[in-house]
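All residue numbers in this chain count up from 1 along the given sequence. Treat the numbers as computed from the prediction; the structure is a model and nothing was measured.
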Amino acid sequence: MRYADWIAGGERVELDGHRLFVRQEGEGRPVTLLHGFPTSSHDWAWTVPSLVAAGCRVISLDLLGFGHSDKPRGHRYSIHEQADLVEALWGRLGTGPTMLVAHDYGVSVAQELLARDPGRLTRTALLNGGLYGDLHRPVPVQRLLHSPLGPLFARLTDEKRFVAGLRGVLSRPVPDEVLHDMWTAADHENGRLLAPRLLRYIDDRRVHFDRWSASLERYEGPLLFVWGPEDPVSGAHVLPRLRERRPEATFTVLPGVGHYPQVEAPEETAEALSAFLTAP
């Protein structure tokens with residue numbers, strides 16, 4: 001599904017003074033999907049049909065500052081605020097216990113939600129992300145955007161530079177039109193200019209290292225890791241610690257896949273998620 005069609009199938013919902021883009025599809029057990037930096041909920045476009053077919057009510061949203069959600073300038077974005085907004089959305093939709101799937105930036109939001117109310121999350125699946133801040137390896141463009149030169153570099157970013165950055169964390173081929181849609185989502189309302197502010201999640205991961213590590217390691221619900229080992233940011237080097245700290249978890253490691261399993265290997269990712277989320 002192309003990005004324009006994805007947007008046409010959702011709505012903007014006002015939450016805590018911000019308007020967030022939200023999609024709901026299917027009926028059955030609810031599952032909430034959280035996307036990563038710097039893209040949007042459209043990353044899940046190839047996953048959602050399988051989850052719906054498996055009997056899930058799928059809730060996906062663009063986090064604040066991403067995609068078609070509000071992108072306030074001068075705002076101090078934080079993982080805690082994103083978690084507040086997800087909880088507000090659940091309240092608006094009347095969502096009680098829910099399953100959760102998160103990728104990249106979204107895994108930090110998931111860890112904060114786990115720290116707040118782990119019993120609400122009946123099953124949790126996590127895709128390549130900085131679950132341990134000390135293992136997170138930002139690529140050069142992220143380090144530059146996170147530096148004092150970040151605002152200047154953000155202004156100079158165009159689609160060509162953006163796509164080159166994405167290709168640097170991908171391992172399998174991804175069609176040009178998919179990468180174009182990722183850029184379209186990121187640059188909506190000049191969203192590329194927010195990258196330095198959104199990248200403060202790197203600092204959040206350091207500050208809240210103990211809280212978020214504990215929330216992951218103490219979670220008692222079923223846990224799945226879908227992982228692209230070729231990811232230079234959060235790839236194979238993260239797996240030994242995950243296997244050590246969560247040996248009872250389910251691991252689906254996708255050979256030859258990089259940072260975006262749901263985009264690089266959509267069928268394998270959807271199959272792994274569907275099986276996990278619908279298990280007895």
Which atom names give the shortest non-hydrogen contact between A102 and G106, and what distance separates them? CB-O, 3.4 Å
Tell me, please, which residues at least two apart from R218 pass side-chain contact (heavy atoms from CB on, under 4.5 Å). A214
Here's one to test your reading of the geometry: is the NZ or CZ of R246 within 45 degrees of the ring axis of F225 and under 6.0 Å from its centre? no
Kindly give the heavy-atom pair with the smallest separation between G96 and R120, and that separation in Å. O-NE, 3.3 Å
Do W44 and Q262 have a side chain donor and acceptor closer than 3.5 Å? no
Say whether L61 and V58 are linked into one hydrophobic cluster, either directly or through other cluster members, by side-chain heavy-atom distances under 4.5 angstrom. no
R76 atom CZ: more than 12 heavy-atom contacts under 6.0 Å: no
Should L224 and V31 be counted in the same cluster of Ile, Leu, Val, Met, Phe, Trp and Tyr side chains packed under 4.5 Å apart? yes
Identify the heavy atoms of P49 and A45 that sit nearest to each other, and give their distance. CD-O, 3.2 Å
Please answer whether the main-chain N or O of G228 pairs with a side-chain N or O of N128 as donor and acceptor at a distance below 3.5 Å. yes
With sequence neighbours excluded, residues passing ring-ring contact (aromatic ring centres under 6.0 Å, His included) with H75: H18, Y77
For V22, does its backbone N or O pair with a side-chain atom of R12 as donor and acceptor, under 3.5 Å? no
Rounded distance (nearest 0.5 Å) linking atom CG of D204 with atom OG of S108: 8.0 Å
Kindly indicate, with the supporting measurements, whether the criterion salt bridge (charged side-chain N to carboxylate O under 4.0 Å, His left out) is fulfilled by R167 and D176. CA-CA 10 Å; R167 290 196 185 280; D176 290 341; 2.7 Å; yes
List the atom of G235, the atom of W227, and the distance in Å for their closest heavy-atom pair. O-NE1, 3.0 Å
What one should report as the nearest heavy-atom pair of V109 and Q82 is CG2-CB, 3.9 Å
Consider only side-chain heavy atoms of I, L, V, M, F, W and Y, link residues closer than 4.5 Å, and tell whether W183 and W6 are in one cluster. no
State plainly whether the residues D158 and R161 are in salt-bridge range, i.e. N to O under 4.0 Å. yes
Show the nearest heavy-atom pair for residues L64 and P72, with the distance to one decimal. CD1-CD, 4.0 Å
Flag, side chain of Y132 to backbone of F209, donor-acceptor distance under 3.5 Å: no
Sequence neighbours excluded and cut-off under 3.5 Å, please list the side-chain donor-acceptor pairs for residues 150-157, or say none.
unit_1, atom_1, unit_2, atom_2, d
T157, OG1, F153, O, 2.9

is_close_aromatic(H68, Y3), centroid dist under 6.0 Å: yes
Non-neighbouring partners of R172 that pass side-chain contact (heavy atoms from CB on, under 4.5 Å), sequence neighbours left out: V257, E264, A265, E268
Measure the spacing between CD1 of I59 and CG of L89 and express it to the nearest 0.5 Å. 6.5 Å
For the hydrophobic clusters of this structure (ILVMFWY residues joined by side-chain heavy atoms under 4.5 Å, transitively), does one cluster hold both V226 and W46? no
Please tabulate, for the side chains in residues 270-280, all donor-acceptor contacts under 3.5 angstrom to protein atoms that are two or more places apart in sequence or on a different chain.
unit_1, atom_1, unit_2, atom_2, d
S274, OG, A270, O, 2.8
T278, OG1, S274, O, 2.6

D43-H103 side chain donor-acceptor pair, cut-off 3.5 Å: no
Testing the 3.5 Å rule here: is there a donor-acceptor pair between the side chains of H42 and D62? no
Fit a plane to each ring of H208 and H80, take the angle between them on a 0 to 90° scale, and name the class: parallel (under 30°), tilted (30 to 60°) or perpendicular (over 60°). tilted
Note: D84-R116 ion pair, threshold 4.0 Å (strictly below): yes
Should the heavy atoms of other residues, nucleotides or ligands under 6.0 Å from CD of E177 be counted, would the total exceed 12? yes
With a 6.0 Å cut-off on ring centres, are Y105 and F66 close enough? yes
Filter on side-chain hydrogen bond (donor to acceptor under 3.5 Å, both in side chains), then keep only pairs touching residues 22-38, sequence neighbours left out; what's left? R23-E25, Q24-R57, T32-W90, T32-T98
Common cluster, L254/L126, ILVMFWY with side-chain heavy-atom separation under 4.5 Å: no
